[in-house]
Structures are given as C-alpha cells and as structure tokens.
Amino acid sequence: MNRSRVPAVDRRTVSKALSRIASASVAQILGAPEPGITGRSRIVGVTGAPGAGKSTLIGRLAALRLQQASSLAVIAIDPTSPRSHGSLLGDRIRMDALSEDPRVFIRSLASGSSQDGLTDNLAEVLAVLESFGFEEVIIETVGVGQASYGVRVLADAAVLVLTPGAGDYVQAMKAGIMETADIYVVNKADQPGADRAVAELLGVLRHTGRTSTPTVIQVQALNDVGIAELSAAIDRCVLQSPDPESMQQRQRARQRHRVGKLIQRCLQEAL
C-alpha cells in the first residue's frame, strides 16, 4: 500500500470527540441519539491475564495489519484505582513505533466503574471511531479473570493471550472466558513450558463444548514470531460473512450489553 495516498488521521479531532463521549454521564448518554456499531469497522478484542504481554503483542500485530487497513485505532484500557479513582494511562509507551504512522490512532482509557475488563461508554466510543471511518479497531482489555468476558459481545474476533506456566490459571478460567474466545495465543513461547501450556490449553478446550477445533497459536511478540499466523487467524474470524440472522443476533447482544452497562451505572450512582 502506498502510504502517501492514504489520508492521515486527524488525531486532534478524534481525540476531542472521544474525550467527550468517554467521560459522558449516563444522563448525557441517554439524552444523545442512540449509537450503533454498524459493522463498518472490524473490531478485534485482545484480552488476558495481567503480564501476558498484550500491549507488546498488539503493537506488533497492528503494525502488520496496517498493510491491509487504511486506518486503525487502538483502545487500551487501564485499571482505575479503587482509592484514588485515577489511572496510569501508560499502555501507549509500548506502542511508540506505531505513533509515527499517520494512519494510526492510539488512546488509553480508564476502566472507570466497569468490572468486566472494559471501560464505561465503550459502545459509544466504538461508534465514534466508526463514524471517523476507522477500518479496524483493536481493544486491549484490562488484565482479566474468569468472568471478565464482556469484550466477546463487542468484538468480531476475540483473542485470549496466555503465557507458559499458566496451567492453574487456565483451569480456573475454563468455565468462563475460556469458552468465549475465537483465538488462543500462548505468548512468550520461547520460555520453558510453552509446549506444556499448549497441551493444557487444548485439554481444557476439549471440555468446553466447542463444535469446532480451536485456534491455538504460539507467539514470540518481541521477535515477531507467530504474528503473521495470528493476523491470518483474525482475518478468518473477521472477514467471514455471517448470515443476516447471525448479524441481527450480534446487534441485539451488543445492544443488551450497552443497556445493561447503563443500568448498572444508574444503580451505582443512585447508591
């Protein structure tokens, strides 16, 4: 792709629009026109335990996927302190190489009151990015646990990142997030125990009731090993054309998720 022919992202304008919607109250959200994720943007969710290397992985993956996308946004969600209610928005530090590309927009958002690895008003944030014409959006969740699978509802492709030595963690997740991912990545695969982690992962996945063979990929993000394979697996998930009934079901699920989050915040504010 000839980068000189690709229009640069107006980062200042996009940033202002995201700041307004990300910090909007429930009353402001309800008073605005209802947004909808129309499917114009491919949405990839990357989730996993803290320290699994999600940020580094996303940086390398996004650089590769820009070869086929005219514009790409990364939303990195950072945990909000339960005491100070502040957040260290630092995930962009690991994606500095991407920041020089005029087609890329990277934004860190605090998790706020959200408890599922996501952030408040994420559906509205994604709708704003779609309105600016981003071809693909990658969401990096907060480091999550067994029941934190909210990104599954919003993403066209859900990637779960694990590391060698995560056997007990895999066992703990088998009744929750383990059932919802499309692609399973064993990152840091150059470390001892990578093959055993894959075997344990496959063993757990056999008992999740899946009707298809799961995609499990070994990756060394720092060395770009397995990144191309991961990108191809995402394409298979995202670029397949679901039937109209499946699309309607996905839209209804996204709407239920959005309404549920707003109700939860209303109750928190009332209490």
Side-chain angles (χ1 to χ4, degrees), residues 1-3 5-6 9 37 39-49 52-77 91-92 94-107 126 129-130 133-141 144 149 151-152 154-164 177-178 180-191 194 197-198 201-202 205 210 212-242 250:
M1 180 181 295
N2 185 351
R3 293 189 179 186
R5 299 179 60 184
V6 177
V9 173
I37 304 173
R40 291 193 301 269
S41 299
R42 299 186 295 265
I43 301 175
V44 179
V46 179
T47 188
K54 297 186 295 295
S55 297
T56 302
L57 177 66
I58 289 173
R60 302 302 177 96
L61 176 64
L64 178 61
R65 294 191 66 76
L66 277 169
Q67 296 178 10
Q68 62 189 47
S70 60
S71 59
L72 184 147
V74 177
I75 298 297
I77 302 171
D91 279 330
R92 285 179 290 181
R94 300 184 182 93
M95 304 178 193
D96 280 345
L98 286 175
S99 63
E100 299 177 0
D101 194 311
R103 300 169 295 162
V104 177
F105 177 82
I106 303 172
R107 179 66 179 267
L126 293 174
L129 293 173
E130 276 196 346
F134 283 96
E135 195 169 334
E136 185 160 302
V137 180
I138 300 177
I139 304 170
E140 178 189 355
T141 74
V144 299
Y149 43 83
V151 72
R152 167 70 280 176
L154 299 175
D156 298 306
V159 180
L160 176 61
V161 184
L162 303 165
T163 55
I177 192 174
M178 191 63 67
T180 66
D182 298 305
I183 303 166
Y184 302 84
V185 170
V186 176
N187 194 20
K188 306 178 183 179
D190 54 328
Q191 295 184 359
V198 171
L201 177 57
L202 290 172
L205 292 175
R210 302 178 67 98
S212 59
T213 303
T215 300
V216 179
I217 302 171
Q218 293 193 51
V219 169
Q220 298 176 36
L222 289 175
N223 300 320
D224 288 326
V225 175
I227 299 298
E229 185 180 355
L230 172 58
S231 182
I234 290 172
D235 284 339
R236 289 193 293 271
C237 289
V238 173
L239 300 180
Q240 60 186 355
S241 300
R250 178 176 294 179

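Distance check, rounded to the nearest 0.5 Å: CD of E140 to CG of L57 gives 9.0 Å. With values rounded to the nearest 0.5 angstrom, T56 atom OG1 is found 13.0 Å from Q220 atom CD. Distance check, rounded to the nearest 0.5 Å: CD1 of I138 to CG of L72 gives 4.5 Å. Between the CG atom of L126 and the CD1 atom of I43 there is a distance of 4.5 Å, given to the nearest 0.5 Å.
Scanning all heavy atoms of the two residues, the minimum distance from Y184 to P214 falls at CE1-CB, 4.1 Å. Nearest heavy atom pair, residue D156 against residue S41, reads OD2-O, 3.7 Å. Contact detail for G48 and K54: the closest heavy-atom pair is O-NZ, 3.4 Å. S231 approaches L64 most closely through the heavy-atom pair CB-CD2, 3.7 Å. What you find for A189 and A194 is that their closest heavy atoms are O-CB, 3.3 Å. Minimum interatomic distance between V219 and G226 (heavy atoms only, all atoms of both residues): CG2-O, 3.8 Å.
Remark: the backbone N or O of V161 is not paired with any side-chain donor or acceptor of N187 at under 3.5 angstrom. In this structure, the side chain of E135 does not engage the main chain of A69 through any donor-acceptor pair within 3.5 Å. Of the possible donor and acceptor atoms, one in the side chain of D101 sits under 3.5 Å from a partner among the backbone N and O of R103.
Listed by chain and number, the residues in a side chain to side chain contact (heavy atoms under 4.5 Å, CB included) with A157 are D182, I234, C237, V238 (sequence neighbours excluded). The side-chain hydrogen bond (donor to acceptor under 3.5 Å, both in side chains) test applied to D224 returns R60, not counting sequence neighbours. Under the rule for a salt bridge (Lys or Arg N to Asp or Glu O under 4.0 Å), the partners of R65 that lie at least two apart in sequence or sit in another chain are E136, D235. With sequence neighbours excluded, no residue forms a side-chain hydrogen bond (donor to acceptor under 3.5 Å, both in side chains) with T215. In terms of the side chain to side chain contact (heavy atoms under 4.5 Å, CB included) criterion, residue partners of Q191 (sequence neighbours excluded) are, by chain and number, P164, K188.
Each of I139, V46, L98 was scored for a side chain to side chain contact (heavy atoms under 4.5 Å, CB included) with I58, with one residue passing: V46.
Contact annotation: the side chain of V159 never approaches that of L61 to less than 4.5 Å [non-hydrogen atoms, C-beta and beyond].
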- [ ] Could you go through the side chain to side chain contact (heavy atoms under 4.5 Å, CB included) check for I75 and L129 one step at a time?
- [x] CA-CA 10 Å; I75 298 297; L129 293 173; 3.9 Å; yes
